[in-house]
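Just the heavy atoms: all of them, side chains too, but no hydrogens, waters or symmetry mates, feed the values below. Every chain is numbered from 1 and lettered A, B, ... according to where its sequence line falls, protein lines coming before strand lines.
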Amino acid sequence: MNDDTPTNNEPVATPVVAPVAETASGDASVSTPTEVVEVAAPAVPADTVVDTVVSETPVVPLETAPAPVEEVTLTYGGMSEGSIKVPKGTILSKALATALSKDTTGLSIRSAGRLVAAGRVLNEDFAVTVTQKSSGG
Amino acid sequence: MDIIKHASLFDPVPHDGQVAIIGLGALGSALALLLAKLDINNLHLYDSDVVEGHNLPNQMLYGTSDVGRKKAYAAAIRLENLTGNMHSWHNSVDLEALRHRRDRLRYKTVFVCVDSMNARERLFNGHVYSNGVTTTFCEGRMGLSSGSAYLINPCDVLQADAYREDLYPDNEVLQERGVCGNVLSIGGTATALASCMQWMFIDKFRGLTSFDAISFGTSPWKQHAVRTFPRSP
């Protein structure tokens, strides 16, 4: 028997590579495999010696460092004064609720003398004045 | 009355018979007292409610002998006793009826101290805005320990629009309530807010402002005062 021919008792790991991407010109090009998955080996009798097959395909390490979260500063005054840093994209009412430790229902929110929608998304530093909506006479 | 203490700040004579106060509860009755003490003659006092026992602690103008009387009448009598000036009382504030008789609210100055946003909106848009007479509109809103006051000229479209931005619906209002579900109210907040409105009125006729809005808190743990309108639109 030729030594190069695998026997039934010698499991072969088949690397699964990333799908082949097609270039803009239509030519198929092979992308760098990003992950290797070993196919489960067939069951072997306990007394059988099995050679470990190691794939020589390089494994690209996953990026472990998370992307930095960009923050904006919400400055508030009126019923309470202070500022809070929140991730970009935070809804104004949620940032205020965190800052004031209360529901923002019943609060009037202004910036530069004009009312501001509570659902506004914060993408830059922002300053508001918070007052209570009351109606007594 | 001898008005030497404020005569150089405010001349009451041009305002005689030209000032109306709509709503004479905690805020309106306190304001009526402060305006009458400026020696304005013939304030027009509007309210359809009756003085009840639970009004006495926070509605500073009324006493036990007023319980059961119409607020407008009781206020007019009290103010006459305190200042010697006569005032007009209007025991009915039917806004729909007034809509058909717009002359009824044709005063140069209208103070609004009602207790719902709906009534404020109807008074402003249906009666005061561009009625051709009212040039000073002053409105107050009271919470338990906070308040807001507005002063605008309703003939000025920009000022009217800025004011309308703050006419939020009643269901957005935050009301502090007691264990029985009643709206809580303290006379000191009404007096503080009435004082703000009195100064806004005086300052307008001193030429210091014609367009103003402030909001404040009165309780010791959250005192604040902020200007919510720019001074000039």
Side-chain angles (χ1 to χ4, degrees), chain A residues 68-137, chain B residues 21-29 31 47 58 111-120 139-148 162 165-176 183-186 189-190 193 213-217 221-233:
Chain A
V69 177
E70 287 191 83
E71 289 183 325
V72 294
T73 302
L74 173 67
T75 308
Y76 52 93
M79 295 178 65
S80 182
E81 290 192 355
S83 64
I84 184 173
K85 283 188 181 299
V86 294
K88 263 189 180 180
T90 303
I91 304 289
L92 173 57
S93 59
K94 291 189 184 301
L96 267 179
T98 305
L100 302 174
S101 301
K102 66 190 289 188
D103 186 3
T104 55
T105 307
L107 299 183
S108 180
I109 307 164
R110 286 181 172 275
S111 177
R114 309 293 291 183
L115 283 175
V116 180
R120 180 188 175 116
V121 172
L122 299 175
N123 281 321
E124 57 191 7
D125 291 350
F126 200 57
V128 294
T129 300
V130 185
T131 57
Q132 185 174 315
K133 287 180 179 174
S134 48
S135 68
Chain B
I21 304 173
I22 319 295
L24 294 163
L27 177 59
S29 61
L31 180 66
D47 202 305
N58 71 329
F111 287 93
V112 169
C113 306
V114 294
D115 60 2
S116 80
M117 295 308 298
N118 179 269
R120 285 175 175 86
E139 190 247 286
R141 301 168 193 178
M142 203 177 79
L144 173 59
S145 60
S146 64
S148 302
E165 270 198 74
D166 268 12
L167 286 172
Y168 39 80
D170 278 302
N171 61 11
E172 290 184 6
V173 170
L174 183 65
Q175 287 184 323
E176 293 95 337
V183 176
L184 295 170
S185 177
I186 288 290
T189 307
L193 184 53
I214 61 104
S215 181
F216 68 89
W221 62 89
K222 61 170 187 180
Q223 286 187 357
H224 71 267
V226 291
R227 174 154 280 110
T228 48
F229 277 179
R231 277 243 181 202
S232 300

For atom CG of A:Leu100, is the number of surrounding heavy atoms from other residues, nucleotides or ligands below 6.0 Å larger than 12?
yes
Distance from A:Met79 atom CE to B:Phe216 atom CZ, nearest 0.5 Å?
13.0 Å
Examine distances only and state if a side-chain atom of B:Arg120 and a backbone atom of A:Ser135 form a donor-acceptor pair shorter than 3.5 Å.
yes
Side chains of A:Thr105 and B:Leu174: does their closest heavy-atom pair fall under 4.5 Å?
no
Taking all atoms of both residues into account, what is the closest heavy-atom pair of B:Val226 and A:Gly78, and its distance?
CG1-CA, 3.9 Å
What are the two closest heavy atoms between B:Phe229 and A:Arg110, and how far apart are they?
CE2-NH2, 3.6 Å
Choice from A:Ser134, A:Gly113, A:Gly106 maximising heavy atom contacts with chain B below 4.5 Å
A:Ser134
Answer key: most heavy-atom pairs under 4.5 Å with chain A among B:Arg141, B:Met117, B:Met142 is B:Met142
If one checks every heavy atom of B:Thr228 against chain A at 4.5 Å, the contacting part turns out to be both
Which atoms of A:Thr129 are under 4.5 Å from chain B, going by heavy atoms: the side chain, the backbone, both sets, or neither?
side chain
Under a 4.5 Å cutoff for heavy-atom pairs, which residue among B:Asp166, B:Thr189, B:Leu193, B:Val114 has the most contacts with chain A?
B:Asp166
Engaged part of B:Glu176 at the chain A interface, taking heavy atoms whose separation is under 4.5 Å:
side chain
If you count heavy-atom pairs under 4.5 Å between each of B:Leu27, B:Asn171, B:Leu24, B:Asp115 and chain A, which one has the most?
B:Asp115
Roughly how far, to the nearest 0.5 Å, is CG of B:Leu144 from CD of A:Gln132?
8.5 Å
The interface call for B:Gln175 against chain A, heavy-atom contacts under 4.5 Å, is side chain
